[in-house]
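Beneath this line is the structure, given in structure tokens, with notes to follow.
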Amino acid sequence: MSDILVDIQHLTFKRGDRVIYDDMSMQFQRGKVTAIMGPSGIGKTTLLRLIGGQLKPEQGKILINGQDIPQLNRKDLYKARQKMSMLFQSGAMFSDMSVYDNVAFPIREHTRLPEEIIRLMVLMKLEAVGLRGARDLMPAELSGGMARRAALARAIALDPQLIMYDEPFAGQDPISMGVIVRLIRSLNNALGLTSVVVSHDVNEVMSIADYVYVVAEQKVIGHGTPEELRAHPSALVQQFLQGESDGPVPFHFKAASYSAELMELAK
Amino acid sequence: MIVDKLQQLGQKSIAKIQGMGRATIMLFGALVAWPTPRKSFPLLLKQLYVVGVLSLLIILVSGLFIGMVLALQGYTVLSKFGAEQMLGPLVALSLLRELGPVVTALLFAGRAGSALTAEIGLMKATEQLSGMEMMAVDPLRRIIAPRFWAGVISMPLLAMIFTAVGILGGHLVGVDWLGVDGGGYWSAMQANVDFQQDIMNGVIKSAVFALIVTWIALHKGFDAVPTSEGISQATTQTVVTSSLAVLGFDFILTAVMFGG
């Protein structure tokens, strides 16, 4: 078995005329937490959707366990998806079901296990995210952080190989952020998952990731372990990691010269 | 100037046709599958309740009032010619052939159709549909198919209930209030209503309307722009488009069934 679970080769993806990715390659190691960072609006979520087969690239391969996801037919794609999970930014809990039924949903859909076993599995997953006591609540009754944890319990319900987190830290208070950071790392180790975290929260990501890709301008601008990245020579990578307002990504939107414009007014 | 207008017209037509294409693909994806009764039946039952049973009240009340108004209006005209005994057939035929299927479809579009669009649009906006897809469960089969069948099954039944209650409403006003002979009301109706020509054609009409309204409602929700504005637009479009489609198809069906 190869060490690499997801192998993205020469990926090109366009939305209309806008190029999102241009000949981009990256690899996610089995059993590791790999992070993808980058400024907002560069299509990080799009990348997860490409890996999940919800979008098709213009060119390139997305290999998971050696299977090229964009080339799969519907049946094989659905089979491949059973081995992966995605945690959406909103949690995407089904609003008409209780937390318990939400977590039980994938198990009921894909197995014919008796209800007693399903109950055991659901309680186990909810215990892992600390929400066993909230099993009878409806998603609308959960706080943002709890909803994301409940969604995480649902995402690991069928013990996937690959779990993808879409901005798991966005909009969380420090306590729930800490909880989610800890959960991503501990679930990855305990369940032997391969995790992909898409985020722009630099500190949180650097604290849990084994390997980091920084994506900007349609391609990977830097990659390595968190330590390697901190010493990365690229000014753009450094600007992003340090959160500086001006640098290769300019503070000012493209405009004519300020002094020229002021002089124009004075005339 | 004219070229611009023509271009706009062309773009709009292309967008419309693309929309129809997407709607057809959606329905095809939802319906062409091996039936799995163990999973689908409970889902269908739930939707029959939400779409059908919960629409009962508005159908019962509207049916009753429309029957009463028909009897009242019919009586004033018929009594001028001394033809009050024809009140029964008037009420029954109007309801069976036209008002039952059409008004039920319009009410259904407003009550259940808009709710379906909003529900599915919100599911899309909150990524529930995407989430389901990533869990290897096809939202077309899990969400769209049971709602489609629930609409197609429940609307003809609702139309029958509407018609039956309307005829009772007509009886209430015509016989109990205005004094038309009760036996005459029923026997004239029996003599003048043909099962094949009137009842079955009415049922066929409402089945066609059911298909149109449910399909439009589901497609508009599934195709909605996933923002609050997009969903509100989609809901409005469902009611407007399906009402117009129902009236248009009603004319075509009437022309085919009773035209010549």
Side-chain angles (χ1 to χ4, degrees), chain A residues 45-46 48-55 69 72 74-97 101-112 139-140 144 147-148 150-158 160 162-167 196, chain B residues 11 14-15 18 25-26 28-34 36-51 54 115-116 118-147 150 221-222 225-228 231:
Chain A
T45 308
T46 307
L48 296 187
R49 288 186 189 274
L50 281 161
I51 297 173
Q54 289 190 322
L55 297 171
I69 295 291
L72 293 181
R74 189 182 172 283
K75 197 174 154 212
D76 291 337
L77 177 63
Y78 272 75
K79 235 181 212 156
R81 279 187 187 149
Q82 288 189 29
K83 291 187 196 144
M84 53 174 116
S85 247
M86 183 153 157
L87 186 72
F88 286 85
Q89 203 172 339
S90 60
M93 298 287 280
F94 302 134
S95 42
D96 59 339
M97 297 180 195
D101 288 327
N102 259 288
V103 180
F105 179 83
I107 311 177
R108 287 184 181 140
E109 282 295 321
H110 295 304
T111 68
R112 300 193 69 164
R148 220 165 283 185
L152 183 53
R154 187 178 65 181
I156 56 169
L158 283 175
L162 171 71
I163 179 160
M164 299 182 272
Y165 299 88
D166 185 9
E167 299 282 3
V196 179
Chain B
Q11 268 171 356
I14 290 172
Q18 278 176 337
I25 291 169
M26 179 200 81
F28 190 77
L31 303 185
V32 179
W34 285 108
T36 45
R38 184 178 70 91
K39 279 182 198 162
S40 326
F41 193 64
L43 291 174
L44 177 64
L45 271 189
K46 188 182 170 201
Q47 289 310 318
L48 277 173
Y49 176 76
V50 174
V51 170
L54 292 184
L116 283 176
E119 186 191 17
I120 291 171
L122 265 172
M123 281 183 154
K124 189 178 176 188
T126 52
E127 295 179 314
Q128 293 182 42
L129 296 181
S130 271
M132 197 171 270
E133 210 172 44
M134 283 306 296
M135 277 184 255
V137 176
D138 190 345
L140 289 177
R141 292 179 195 169
R142 185 72 171 52
I143 301 288
I144 302 293
R147 283 163 177 77
F222 199 71
V225 180
T227 59
S228 41
I231 293 167

Notebook entry, point to check: Would you say A:R154's side chain and A:A92's backbone share a donor-acceptor pair under 3.5 angstrom?
Noted result: yes
Next item on the list: Measure A:M164 against the heavy atoms of chain B and call it side chain, backbone, both or neither at under 4.5 Å.
Entry: side chain
Item checked: Over all atoms of both residues, closest heavy-atom pair of A:L152 and A:L87 -> N-CD1, 3.4 Å
Next item on the list: Measure from NZ or CZ of B:R142 to the centre of the six-membered ring of A:F105 and say whether it is under 6.0 Å with the direction within 45° of the ring axis.
Entry: no
Item checked: Sorted by number, residues from residues 123-131 of chain B in contact with chain A (heavy atoms, under 4.5 Å) -> B:T126, B:E127, B:Q128, B:S130, B:G131
Next item on the list: Please say whether more than 12 non-hydrogen atoms of neighbouring residues, nucleotides or ligands are located less than 6.0 Å from CZ in A:R112.
Entry: no
Check: Top residue by heavy-atom pair count (under 4.5 Å) with chain B, among A:R49, A:M86, A:E109?
Finding: A:E109
Next item on the list: Locate the shortest heavy-atom distance separating A:M97 from A:P139; write the atom from each residue and the value.
Entry: O-CD, 2.9 Å
Margin query: Can you list everything that forms a salt bridge (Lys or Arg N to Asp or Glu O under 4.0 Å) with A:R74? Sequence neighbours excluded, please.
Written below: B:D138
Notebook entry, point to check: Judged by atom type as modelled, is there a donor-acceptor pair below 3.5 Å linking the side chain of A:R81 to the main-chain atoms of A:G52?
Noted result: yes
Check: Checking heavy atoms, do the side chain of A:R108, its backbone, both or neither come under 4.5 Å from chain B?
Finding: backbone
